[in-house]
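Okay, structure first, notes after.
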Amino acid sequence: MTVVALLSVAPVTEESMADEVAKAVEALEEYDVGYETNPMGTVIEADSTDELFAAAQAAHEAVDGDRVSTVLKIDDKRTRDTAASEKVEAVEEALGRPASSDR
């Protein structure tokens, strides 16, 4: 089984969130997950939902603040293993080009 998720954890503040987001990303290192951070969140790959939820909880708890906003979107492929990169490759194959612009 492959579980792919998009995790976004951030303090609710008007100041820079970079230091707190870095704490959330660093917390993922304690878990058996692969991850890649992008401007809108962090894509996580895990072998089980248990490991994914534990990692997401650790990331949430790592952020300091009076108020923390966490969004978790999960794609739980229960019948086959699929890497997050394969999803991007499928879109790029359909497009016939990379799924990004030169902007």
Side-chain angles (χ1 to χ4, degrees):
M1 169 175 66
T2 302
V3 183
V4 178
L6 176 63
L7 175 67
S8 173
V9 180
V12 177
T13 182
E14 292 185 24
E15 298 172 13
S16 173
M17 296 182 270
D19 289 342
E20 295 304 317
V21 171
K23 290 178 187 177
V25 172
E26 185 64 30
L28 299 175
E29 285 292 318
E30 300 299 316
Y31 297 87
D32 187 20
V33 299
Y35 65 88
E36 182 177 346
T37 299
N38 63 56
M40 297 301 291
T42 299
V43 176
I44 302 173
E45 293 183 72
D47 291 333
S48 72
T49 54
D50 288 342
E51 192 72 11
L52 174 73
F53 282 121
Q57 181 176 356
H60 174 81
E61 291 175 354
V63 174
D64 293 326
D66 294 336
R67 188 173 173 191
V68 178
S69 174
T70 298
V71 177
L72 180 62
K73 181 178 180 180
I74 299 170
D75 183 1
D76 183 5
K77 298 256 184 168
R78 295 179 174 175
T79 59
R80 64 188 175 104
D81 288 335
T82 304
S85 61
E86 291 178 69
K87 294 170 156 243
V88 176
E89 290 166 4
V91 171
E92 289 179 338
E93 185 176 320
L95 282 170
R97 61 175 177 80
S100 60
S101 70
D102 293 331
R103 252 194 201 193

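These values consider heavy atoms only, across backbone and side chains, with no hydrogens, waters or symmetry-generated copies. Positions are given from 1, in the same order as the sequence printed here.
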Tell me if the [atom1] atom of [X] is crowded by more than 12 foreign heavy atoms within 6.0 Å.
X     : atom1 : answer
Glu92 : CD    : yes
Asp66 : CG    : no
Asp75 : CG    : yes

Of all the heavy-atom pairs spanning [X] and [Y], show the shortest one and how long it is.
X     : Y     : answer
Val9  : Ala59 : CG1-O, 3.8 Å
Met40 : Asn38 : N-OD1, 2.8 Å
Leu28 : Ala55 : CD2-O, 3.6 Å
Val63 : Ala10 : CG1-C, 4.4 Å

Interatomic distance, [X] atom [atom1] to [Y] atom [atom2] [nearest 0.5 angstrom]:
X     : Y     : atom1 : atom2 : answer
Lys77 : Thr79 : NZ    : OG1   : 7.5 Å
Ile44 : Ile74 : CD1   : CD1   : 9.5 Å
Glu45 : Ser85 : CD    : OG    : 6.5 Å
Leu72 : Leu6  : CG    : CG    : 8.0 Å
Thr70 : Gln57 : OG1   : CD    : 10.5 Å
Asp81 : Glu86 : CG    : CD    : 9.0 Å

Task: Under the side-chain hydrogen bond (donor to acceptor under 3.5 Å, both in side chains) test, residues paired with Lys23 that sit two or more places apart - done: Glu20, Asp64
- [ ] Establish whether Val43 and Val25 are linked, either directly or via other cluster members, by ILVMFWY side-chain heavy-atom contacts under 4.5 Å.
- [x] no
Open item on the list: Taking Val4 as the starting point, is it possible to reach Leu7 by hopping between hydrophobic residues whose side chains are less than 4.5 Å apart?
Closed with: no
Task: Donor-acceptor contact below 3.5 Å, side chain Glu51 vs main chain Val33 - done: no
